[in-house]
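From a predicted model like this one, the values you see are computed outputs, not experimental measurements. So that the names make sense, note that chain A is the first sequence line, chain B the second, and so on, each numbered from 1. The figures that follow rest on heavy atoms only: side chains count, while hydrogens, waters and symmetry mates do not.
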Amino acid sequence: MSRVNQIQQNYQPVSNQTAMKNYASKQIFRGGLDSLPKDTQKILLNGVEAKIDKRIGKSGKFLKWIADTKGEIQTQSITAVFTTTLAPLMIVANPFTKNKTKEDKEYLALRQPLSAAVSLSGGLAMTLAINHFMETMYNEGHVGSIDLRLEPSKDYSKRYFKKAYKEAKKNGKANEFLAKYDGDVKADIKANAYKNGHPSKKYVKECFKTGYLKKMKDQRIDLFTQILSEKPENVKMDSSKNIVIGGKNLQENHLAKVKNLDSPDALIEYLNKNSFHRRNFGDFMAERFKFEFYGAKDGALKGNLKEEMAETKLSKVKATDFLIQTGLMEEDKIDKNELIKTLSIFQQERNKSPMEKQGKLASRITEMKVGEEIGKADSISLGQFFHQLGIKQSNGELQKLMKMKTADALLLLNGKLKGKLKGYDDKADLKSIAKNQLKNTAKRVASYSDKHKFFIGIFFNLFTTAVTCTILNWAYPRFVEAFFPNLVKNKKAAKQPQAPKQEGGNK
Amino acid sequence: MTKISSIRKPIGKAFDYTAKNWFAKSLEKARLEPVKYAGRTMVLSFITKDLINTCIYTYQSFNNKKIPEEKRNFVAANDLVLGFFNFGGQLGSYALFETLAVPVLQGKKFTGQLKIGDTPGVNKYSNAPMSPDTIRKFTHEVINEHSDVFKNINAESIKNISADMVKKMGPNGSKCKDIIAGLTIVTGALCTTALVKRTISPLFSTPIAGWLSNKWDKKAATDNTKQSPLNAEPSQVLYKGKIQDKSKK
């Protein structure tokens with residue numbers, strides 16, 4: 001009998017109903033993955049991943065490579081393969097064309113592989129150039145809404161890694177350089193790291209992925225968390241263009257400096273736009289969610305929840321999305337079941353709240369059992385959530401919140417949620433909230449950059465297509481004349497007028 | 001370097017404008033449903049290229065003197081008809097693929113989740129590599145294999161750990177989403193490019209192109225016979241390369 005079966009057999013379930021009623025004052029030990037030490041977590045994650053990979057086989061790696069968006073490289077390669085193989089066959093072996101000669105069909109069919117070669121070479125060149133250019137634009141902060149300086153992309157960071165590795169190799173310290181970043185490399189790759197004294201490609205790749213890239217990302221998130229959550233007056237730049245707070249150099253030992261933040265003017269401009277102490281919470285919300293709010297009309301205050309939610313469109317924003325994107329809670333720690341129960345607990349603590357008047361809605365929440373209809377729990381809207389926290393349009397609290405600076409708004413919400421929402425970190429302060437928020441922003445913006453790059457790539461590839469079409473139409477007849485003259489000459493010979501037969505003559 | 005950065009700034013502003021105004025909705029939708037939009041962007045890429053290809057190839061084939069005259073109409077007609085078939089065929093086939101095949105692929109192949117047409121309560125595919133049951137099984141296996149590390153662990157912890165592993169590695173995990181996105185792209189490409197563009201389209205476009213080019217050839221031949229000086233009426237005299245009708249004077 002396995003150990004797991006043994007434990008499960010001896011398990012005595014305990015009712016947790018009493019805990020639910022007073023959970024606000026009790027801390028429940030969840031005993032989940034986060035409760036394990038990091039080494040143990042790694043063993044578990046690597047072990048399960050290895051079993052999944054074994055089960056899926058090599059196709060899994062291939063499919064993952066296909067999905068790794070590098071613009072149009074994958075789609076162009078797929079198109080070229082089929083253009084070269086299938087298309088000529090379908091033209092030549094076509095049973096429906098009876099009135100065209102074999103030479104005509106062959107003439108047409110030969111065009112396909114040449115077309116594939118020309119369009120693939122032109123398309124790949126353009127795609128690689130566009131990818132390189134767009135990565136530079138995103139990672140140097142030139143595209144305002146897709147700023148990857150928060151968390152540099154893999155391809156961009158690789159440029160710095162290659163430079164540093166080359167430098168280390170030149171100085172004969174390549175092994176020391178790699179040893180700095182191989183802490184998280186898998187044991188089997190580490191065991192075969194060196195062949196004949198040279199590091200293997202796989203080992204170098206893993207050192208970059210799990211060590212260098214991770215360190216660079218962590219350094220950047222820490223830097224931006226500090227400069228954006230700190231009051232802008234305290235963030236300065238020293239003579240060597242390092243960002244400094246209270247005399248402490250924040251960019252010490254950083255793997256790469258942040259581009260376009262290397263002068264005091266650029267720093268001030270960046271902070272004025274993005275600092276939590278300068279930016280309005282309303283602008284922050286508008287960037288992420290579609291919502292509107294109005295001042296009280298003609299002095300009449302609205303107390304009806306349904307009308308308010310319809311006006312503000314906060315009914316269309318999910319409370320879970322709001323909590324994740326503001327950084328108030330981490331995505332993994334939000335429990336939708338508990339969010340409903342929290343609303344019902346708020347419900348019990350308030351008298352004659354609008355939700356009670358709704359009747360049906362309130363009773364449904366209090367009666368809802370865990371695990372049942374939980375899919376619909378995702379419909380808890382921000383409007384309902386704000387309403388429970390006392391932030392309404394009718395009492396002007398919503399307008400006040402939107403006009404506050406982001407830092408103040410987050411601290412206000414933090415105060416209201418402490419001790420009331422399960423899984424909420426009661427020790428959360430502005431810095432930890434800012435860190436969560438920036439991590440989430442970086443994730444969101446990275447996904448935008450992939451797709452935006454694809455759209456821009458499609459646009460520029462249209463010009464490439466025009467050029468490759470012209471090249472193909474110029475090259476194709478010349479190619480056929482040079483390599484397949486029989487397809488051209490036979491017809492030419494047949495076309496020439498035949499000389500009349502001379503009969504007779506001197507015999 | 002300042003020259004380069006001064007060029008990049010206005011280009012960056014232009015890209016920023018496109019991201020905020022043209023593509024804002026699509027970027028957000030693609031972020032929330034990456035698998036669906038991976039396939040759709042691929043088909044968009046195919047279709048836009050085919051449109052441009054059709055226009056340019058047809059025009060240039062008509063006017064390419066290097067292609068033998070008797071073949072020119074056939075080549076141009078083929079480009080034109082192929083363009084129509086490719087555009088409509090790829091759109092239609094991908095729409096069908098998305099509606100019928102994708103739920104099946106996602107549901108059964110990798111995640112073992114019930115999709116349309118399956119009997120509720122009966123999960124025949126719970127053995128799929130990344131279904132919740134399989135992930136739980138693998139978690140228990142790893143815990144058993146490393147029993148010395150997982151010493152002080154109770155049953156409720158094992159239950160919670162398995163639930164967390166299903167969250168990370170299961171159907172909603174990033175690994176699963178990447179693999180399904182790749183599968184959607186490959187099977188979508190087979191459906192559109194291989195099946196429609198390179199097999200069905202040339203199969204049906206070649207005879208239609210043949211019929212069309214014959215029609216153009218006949219029309220060109222009748223136009224030529226009308227104007228040929230050998231067939232001219234006696235009153236019509238060739239004068240500086242133009243036919244002058246003397247009878248009208």
Side-chain angles (χ1 to χ4, degrees), chain A residues 2-4 7-8 11 30-33 40 43-44 47-49 51-52 55-56 60 63-64 66-67 72 74-75 78-79 82-83 86-87 90-91 94 96-97 99-100 104 107-108 137 142-146 444 447-448 451-452 454-456 458 461-462 465-466 469-470 473 477-478 488 491, chain B residues 8-9 12 15-16 19-20 23 27 30-31 38 41-42 44-45 48-49 52-53 56-57 60 64 66-68 70-71 74-75 78 129-130 138-140 142-144 146-147 149 155-158 160-161 164-165 169 178-179 181-183 185-186 189 193-194 198-199 202-203 206-207 210 214:
Chain A
S2 76
R3 179 160 160 66
V4 171
I7 294 169
Q8 285 178 330
Y11 175 56
R30 234 185 126 250
L33 192 65
T40 322
I43 293 173
L44 197 55
V48 172
E49 198 175 342
K51 285 183 189 279
I52 293 173
R55 200 55 189 285
I56 294 174
L63 293 174
K64 224 182 160 190
I66 290 271
E72 298 199 81
Q74 284 86 345
T75 54
I78 292 170
T79 309
F82 290 130
T83 310
L86 275 177
M90 285 298 126
I91 292 171
N94 195 322
F96 299 121
T97 38
N99 53 356
K100 287 289 167 188
D104 283 341
Y107 188 91
L108 188 61
M137 294 295 280
H142 293 292
V143 184
S145 51
I146 304 178
R444 182 172 64 90
S447 140
Y448 286 171
K451 281 291 172 264
H452 187 252
F454 202 86
F455 288 133
I456 300 287
I458 290 178
N461 268 314
L462 296 178
T465 309
C469 285
T470 313
N473 272 322
R478 290 163 176 80
V488 180
K491 278 288 173 180
Chain B
R8 283 182 185 157
K9 268 193 181 159
F15 285 147
D16 195 23
K20 280 185 186 162
F23 304 130
L27 291 178
R31 182 181 78 86
T41 41
M42 175 189 72
L44 178 73
S45 153
T48 46
K49 286 213 184 69
I52 301 283
N53 280 347
I56 294 177
Y57 280 143
Q60 289 185 340
N64 192 340
K66 264 285 180 175
I67 299 177
E70 67 281 2
K71 293 186 191 359
F74 181 49
V75 173
N78 187 69
M130 282 181 279
F138 286 162
T139 312
H140 292 173
V142 172
I143 291 175
N144 284 336
H146 297 91
S147 49
V149 176
E156 196 184 343
S157 288
I158 293 178
N160 289 331
I161 289 170
D164 287 340
M165 290 300 288
M169 305 284 207
D178 279 345
I179 290 180
L183 187 68
I185 289 174
V186 168
T193 309
R198 301 302 174 193
T199 313
L203 204 62
T206 321
N214 286 341

If you take all heavy atoms of B:Leu44 and A:Ile458, which pair is closest and at what distance?
CD2-CD1, 3.9 Å

Contact winner vs chain A - B:Thr41, B:Ile52, B:Ile179, heavy-atom pairs under 4.5 Å
B:Thr41

Please report the C-alpha distance between A:Arg55 and B:Phe138 in whole Å, then the side-chain angles of each, then the deciding distance to 0.1 Å, and finally whether the side chain to side chain contact (heavy atoms under 4.5 Å, CB included) criterion is met.
CA-CA 11 Å; A:Arg55 200 55 189 285; B:Phe138 286 162; 3.8 Å; yes

Honestly, the part of A:Arg478 sitting under 4.5 Å from a heavy atom of chain B is side chain

Can you say whether B:Met42 sits under 4.5 Å from chain A via the side chain, the backbone, both, or neither, judging by heavy atoms?
both

Got a donor-acceptor contact below 3.5 angstrom from the B:Asp16 side chain to the A:Val143 backbone?
no

In terms of relative ring orientation, are B:Phe15 and A:His452 parallel, tilted or perpendicular, with 30° and 60° separating the classes?
perpendicular

How long is the gap from CG on B:Leu27 to CZ on A:Phe454, to the nearest 0.5 Å?
12.5 Å

Top residue by heavy-atom pair count (under 4.5 Å) with chain B, among A:Leu44, A:Ile43, A:Thr40?
A:Leu44

If you count heavy-atom pairs within less than 4.5 Å of chain A, which of B:His146, B:Arg31, B:Met169 leads?
B:Arg31

